[in-house]
Amino acid sequence: GENVEQHPSTLSVQEGDSAVIKCTYSDSASNYFPWYKQELGKRPQLIIDIRSNVGEKKDQRIAVTLNKTAKHFSLHITETQPEDSAVYFCAAMSGTASKLTFGTGTRLQVTL
Amino acid sequence: DTEVTQTPKHLVMGMTNKKSLKCEQHMGHRAMYWYKQKAKKPPELMFVYSYEKLSINESVPSRFSPECPNSSLLNLHLHALQPEDSALYLCASSQVGREETQYFGPGTRLLVL
């Protein structure tokens with residue numbers, strides 16, 4: 001089955017700096033890669049996603065890049081703000097099983 | 001309505017109790033999911049329903065019994081749970097398909113004593 005690795009597990013940045021979180025996946029048939037933000041005690045919320053027919057997608061301060069050859073994708077947050085502090089999960093949708101597999105999560109802390 | 005709702009928000013049960021978790025969505029989604037999330041871990045898929053039929057069971061113990069009475073509702077029946085089953089149980093829904101976004105409910109925080 002699909003295996004998703006995510007790094008780093010924790011990330012601390014100063015307000016205004018950029019944050020980058022990286023994920024790799026194992027199933028070359030995977031074709032959908034969402035990113036979820038989960039604040040403490042809250043539900044995972046989709047912040048951005050990318051499908052296998054594009055290499056990059058941007059939404060305001062958030063961007064995601066996908067390299068299908070290398071089987072990795074990354075989340076980029078620019079001009080970080082304290083409200084960006086949360087746990088971020090990458091995920092990959094297996095092409096064969098229609099099953100979403102999550103990475104282990106990155107705890108992002110944005111300090112003033 | 002763009003939300004998935006879950007009840008109850010919190011549940012405490014003994015190992016001999018029977019309880020049910022409920023999930024509802026009115027987004028017209030025909031795929032619904034149950035996930036289990038332990039503290040500081042990612043959500044782990046338990047069950048998938050597609051067009052009200054069980055399509056994926058991730059080898060979940062039989063003390064967890066899912067039910068999809070109609071396209072808007074999803075239940076998870078609990079019986080004879082163990083303390084290690086204490087977790088946040090998340091429901092999600094999506095359109096059917098391999099590239100469809102899953103929307104999560106707020107979860108039920110379950111404590112088994």
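Letters go in sequence order (proteins before strands), and every chain restarts at 1. Predicted, not measured: the structure shown is a model, and the values here were computed from it. Just so you know, these numbers use all the heavy atoms, side chains as well, and skip hydrogens, waters and symmetry mates.
Clustering ILVMFWY residues whenever any of their side-chain heavy atoms sit less than 4.5 angstrom apart, transitively, puts B/M32 in a cluster other than the one holding B/I56. Residue B/F104 is not grouped with residue B/V96 when hydrophobic side chains (ILVMFWY) are merged at heavy-atom distances under 4.5 angstrom, including chains of intermediate members. A continuous path of hydrophobic side-chain contacts links B/M15 to B/L76 [ILVMFWY only; heavy atoms under 4.5 Å].
For A/P34, no part sits under 4.5 Å from any heavy atom of chain B, backbone or side chain. Only the side chain of B/E58 comes within contact range of chain A, with at least one heavy atom under 4.5 Å from a heavy atom of that chain. Using a 4.5 Å cut-off between heavy atoms, A/F33 makes no contact with chain B at all. Heavy-atom distances place no part of A/Q45 under 4.5 Å from chain B, backbone and side chain included.
If you tally non-hydrogen atom pairs under 4.5 Å between each of B/P106, B/A92, B/A31, B/S50 and chain A, the highest count goes to B/P106. Listed options A/A91, A/P44, A/G103 were ranked by heavy-atom pairs under 4.5 angstrom with chain B; first place goes to A/P44.
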Audit row: A/F102, B/E44, side chain to side chain contact (heavy atoms under 4.5 Å, CB included) steps and yes/no: CA-CA 8 Å; A/F102 286 83; B/E44 289 181 32; over 6 Å; no
Residues B/Y33, A/L100; criterion side chain to side chain contact (heavy atoms under 4.5 Å, CB included); working and verdict: CA-CA 10 Å; B/Y33 312 80; A/L100 198 58; over 6 Å; no
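Taking all atoms of both residues into account, the shortest heavy-atom contact from B/V4 to A/R43 is O-NH1, 3.3 Å. Nearest approach of A/S52 to B/E99, heavy atoms of both residues: OG-OE2, 4.5 Å.
Within 6.0 Å of CG in B/L113 there are more than 12 heavy atoms belonging to other residues, nucleotides or ligands. In the displayed structure, B/E84 atom CD is contacted under 6.0 Å by more than 12 heavy atoms of other residues, nucleotides or ligands. Within a 6.0 Å radius of CD in A/Q60, no more than 12 heavy atoms belonging to other residues, nucleotides or ligands are found. Open room surrounds NZ on A/K22; 12 or fewer heavy atoms of other groups in view lie less than 6.0 Å from it. Other residues, nucleotides and ligands place more than 12 heavy atoms under 6.0 Å from the CD atom of A/Q81. Crowding of B/K41 atom NZ: a count of heavy atoms from other residues, nucleotides or ligands under 6.0 Å not exceeding 12.
Here OG of B/S55 is found 12.0 Å from NZ of A/K99. Values are rounded to the nearest 0.5 Å. How far CD of B/Q102 is from OH of A/Y32: 8.0 Å, rounded to the nearest 0.5 Å.
Remark: A/R51 does not engage B/E100 in a salt bridge, criterion side-chain N to carboxylate O under 4.0 Å.
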